[in-house]
Amino acid sequence: MARPNDEVGALLQEYADLVAITGGDAYRARVYEKAARSVAGYHADVSTLDAAGLRRIPNVGTSIADKIVAYFRTGHIDVVEELRAKIPAGVRELTAIPTLGPRKAMVLYDKRGISSVPELLAALDAGKLTGLKGFGPKTEENLRHGIELLQQIGSRVHINVAMEVAEGIVAELSAVTGCDRCTYAGSLRRMRETIGDIDILAASRHPQRLMETLTHLDAVSEVIAHGETKTSVRTTHGMQVDLRVVRPEAWGAALQYFTGSKPHNVRTREIAVRQKLKLSEYGLFEVGSGKLIVSKSEDEVYARLGLPWIPPPLREDRGEIEAALAGELPTLVTQRDIRGDLHTHTNLTDGVASLGEMVAAAAARGYSYYAITDHAPNLSMQRMTDEKMLAQRAEVRALEGRYGKLRLLHGTELNIDPDGEVDWGPEFLAGFDICVASVHSHFTQSRDEMTKRLLRACENPYVNIIGHPTGRLIGQRPPVEADLDAVFKACARTGTALEVNAFPDRLDLNDECVLRAKRYGVKFAIDTDAHAVAHLDMLRYGIGTAQRGWLTRDDVINTWPLRRLKAFLRKGRS
DNA sequence: GCCGTTTTCGGCCCGACTGTTTTCAGTCG
């Protein structure tokens, strides 16, 4: 079952879509959309709030608050049911097709009775769309193509996949003569966990050269749009890449605009409007005279709006504008703050590099400390034994001091069994410097069982970090069902850190849970869970997720000096 | 339907590109 906030958020979003499809007031649709996001991102459980409490959520007024109250009382919202009865679910699904929005979806349903993707495909094949207003030959072709893409690709890719493509393109474009600056923007710059398309921004007085270079790259399979300042292509991986070229003096305004998010930009533009200014990708202008005020750097643009520069991972309209206005933006944790990795493997279990190779790589990264945490015996396929573990500890101790200031911690990644027990008893556990504990099986326990299981692990005085706490694999396995708020509370109380696992297909906890857990006073460990030397570089994605969760250096135990870290790892034991 | 440095009504972000139009609507970001 989804968290009540997500449930209500999804319902409000559905209502917004249905209002848009039925040609309802566009502003009303927009308000429901905003409310959907506010509710989903709100820290408190909305099912526990009364109407007055609900109205304190931004963009929720009397009408929406009453609807939410009714939803929890009756299990449904009347107006949503009414529109659902009028518009089949398939019509809303049609709008997932690129170039097909709510208006056209409604025309298809109204005039041709089409209410699903297969029906649309059949209608196209049968030529049933000819003569329909707004549906010329080119539109038909676009629809076919859109359906194909939708079926082929699904939608988004893991952030590391997009990052590699983007960094490659940025490097190619940066080398073009006349290219002043070039960088990626959009959701990639905001470090979202998955990426739909890649936004590249460049500054140049010769945009055509850059456009031409992009369209002729080997990795480009199709040119979607090709204009004066904007070109969109699709790569051979199926990713869409949008390139915008602006004049160098507009760099700051353009970067701010193309970084988004859209809701964040709506907020900054509203602030501009209130000051009789107009903000666009070309700059910040005076409304009356049209005079350009600033545009060179993001810093300038935010400053003129009365705001400090806001780090991209915060730009989601999740309270960053309010925090910025109040001078309360967090100083986000950065990769430079990280003093060591606390969850890594070697070829003693399922890693591919030796202890010596991993430790040398850690030293090369300039870490102050580094934990080796191979799997414990209950993950039986890894064939761990007490003897092997103790032998590894001796090897670790022997390496100590070999790499200058690098201190080594000998640890393990325990399995949290279905009852919440772990591999060893207190005597053996006491010999480790650090213990990560993770769920590796029985992912589909009931919510109650899973909650108890995780709580019991937190209560174990030797468990320091809950590894990849929800067990999700992005696009493959859903997060476990558990009362996460109860887990967060227990972590804060017992001095158990939650992991922000940096592996791009995990990113677990995710940004929203990190933000929620932080409110309980939980501490975090940003770890790579590296199984190979190259995996140590995945840290950047964990950092991005932590930043999106508003974490500061103080929230993250592996930014702390070793002394402070060791005190935390004792977990109140004498 | 929400909200208030425009405060209980009247606003609500802005621009590029496409396709089907013959002056603009729809979609997207």
Side-chain angles (χ1 to χ4, degrees), chain A residues 12 15-16 19-21 23-39 54-68 79 94-108 129-143 145-146 185-188 190 195-201 207 211 223-232 240-246 250 253-254 256-285 287 305-306 317 325:
Chain A
L12 293 174
Y15 187 62
V19 167
I21 290 169
D25 179 15
Y27 292 116
R28 230 173 105 237
R30 188 185 299 172
V31 163
Y32 274 97
E33 221 167 273
K34 282 159 78 172
R37 278 189 311 103
S38 300
V39 167
L54 289 167
R55 280 199 303 275
R56 276 196 283 276
I57 303 174
N59 306 307
V60 174
T62 47
S63 174
I64 294 181
D66 289 348
K67 287 185 176 72
I68 297 174
V79 285
L94 287 177
T95 61
I97 301 170
T99 72
L100 184 60
R103 317 297 284 205
K104 282 189 165 161
M106 190 56 184
V107 170
L108 289 174
L129 299 192
T130 37
L132 196 53
K133 192 165 187 257
F135 289 82
K138 191 69 190 166
T139 300
E140 288 200 12
E141 198 185 314
N142 287 342
L143 288 178
H145 190 49
S187 54
L188 197 53
R190 300 199 313 278
I195 306 297
D197 48 38
I198 294 172
D199 294 299
I200 308 273
L201 178 67
M211 307 284 199
V223 178
I224 300 165
H226 196 26
E228 294 274 305
T229 61
K230 179 183 168 180
T231 293
S232 296
Q240 181 170 331
V241 178
D242 296 335
L243 169 65
R244 285 290 292 253
V245 184
V246 299
Q256 196 279 331
Y257 174 76
F258 290 113
T259 296
S261 67
K262 188 175 171 185
H264 174 88
N265 286 355
V266 169
R267 297 295 306 275
T268 52
R269 286 177 181 212
E270 281 170 0
I271 290 171
V273 168
R274 258 180 256 137
Q275 299 178 26
K276 303 222 181 306
L277 301 172
K278 186 187 69 164
L279 179 60
S280 77
E281 58 264 55
Y282 300 112
L284 189 58
F285 301 87
V287 165
L305 294 175
D317 191 22
L325 286 169

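Chain letters run A, B, ... following the sequence lines, proteins first and then strands; every chain starts at 1.
- Across the C1' atoms, B/dG26 and B/dT20 are found 11 Å apart, a figure rounded to whole Å.
- Within 4.0 Å of A/Y257, counting heavy atoms only, lies at least one base atom of the nucleic acid.
- Two residues, A/K262 and A/T139, neighbour DNA chain B, and the one matched to the more 5' nucleotide by heavy-atom proximity is A/K262.
- A gap of 15 Å separates the C1' atoms of B/dG11 and B/dT5, to the nearest Å.
- Side-chain contact check for A/T229 versus A/P207: every heavy-atom pair is 4.5 Å or farther apart.
- Interface limits on DNA chain B: the 5'-most and 3'-most nucleotides within less than 4.0 Å of chain A heavy atoms are B/dG1 to B/dG29.
- Within 4.0 Å (heavy atoms only), A/R267 reaches no atom of the nucleic acid at all.
- For B/dT6 and B/dC13, the P atoms lie 15 Å apart once the distance is rounded to whole Å.
- Within the 4.0 angstrom heavy-atom criterion, no nucleotide atom of any strand lies near A/S232.
- A donor atom on one side chain and an acceptor atom on the other are not found under 3.5 Å apart for A/T99 and A/N142.
- When heavy atoms are screened at a 4.0 angstrom cut-off, A/K278 is found touching the sugar-phosphate backbone but no base atom.
- With a cut-off of 3.5 Å on both Watson-Crick or G-U wobble distances, the partner of B/dT8 is given as none.
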Take A/R269 and A/Y257, measure what side chain to side chain donor-acceptor pair (under 3.5 Å) needs, and give me the verdict at the end. CA-CA 10 Å; A/R269 286 177 181 212; A/Y257 174 76; 4.7 Å; no
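- Inter-residue side-chain proximity for A/R55 and A/T62 is flagged as met; some heavy-atom pair is nearer than 4.5 Å.
- Side chains of A/V31 and A/I64 form a contact here, defined as non-hydrogen atoms less than 4.5 Å apart.
- Across B/dT18 and B/dT23, the matching C1' atoms stand 15 Å from one another, rounded to whole Å.
- When heavy atoms are screened at a 4.0 angstrom cut-off, A/E228 is found touching the sugar-phosphate backbone but no base atom.
- Residue A/K67 is classed as a sugar-phosphate contact, given heavy-atom separations below 4.0 Å to backbone atoms only.
- Nucleic acid contact for A/I97: sugar-phosphate only, since backbone atoms but no base atoms lie under 4.0 Å from a heavy atom of the residue.
- Looking at A/E140 and A/T130, their side chains come closer than 4.5 Å, going by heavy atoms from C-beta outward.
- Heavy-atom distances to DNA chain B give each of A/T231 and A/L277 a nearest nucleotide, and the one nearer the 5′ end belongs to A/L277.
- As judged by a 4.0 angstrom heavy-atom cut-off over every strand, A/D25 is placed among the base-contacting residues.
- When the C1' atom is compared between B/dC9 and B/dC14, the two are found 25 Å apart, to the nearest whole Å.
- Rounded to the nearest Å, the gap between the P atom of B/dT22 and that of B/dC17 is 23 Å.
- In this structure, A/K138 reaches the sugar-phosphate backbone alone: every heavy-atom distance under 4.0 Å involves primed, P, OP1 or OP2 atoms, never a base.
- With C1' as the reference atom, B/dC12 and B/dT7 are 15 Å apart, rounded to whole Å.
- The shortest distance between side-chain heavy atoms of A/F135 and A/V107 falls below 4.5 Å.
- Remark: A/K262 pairs with no residue by the salt bridge (Lys or Arg N to Asp or Glu O under 4.0 Å) rule, at least two apart or across chains.
- Among the heavy atoms of the strands lying under 4.0 Å from A/R274 are primed sugar atoms or P, OP1, OP2 only; no base atom is included.
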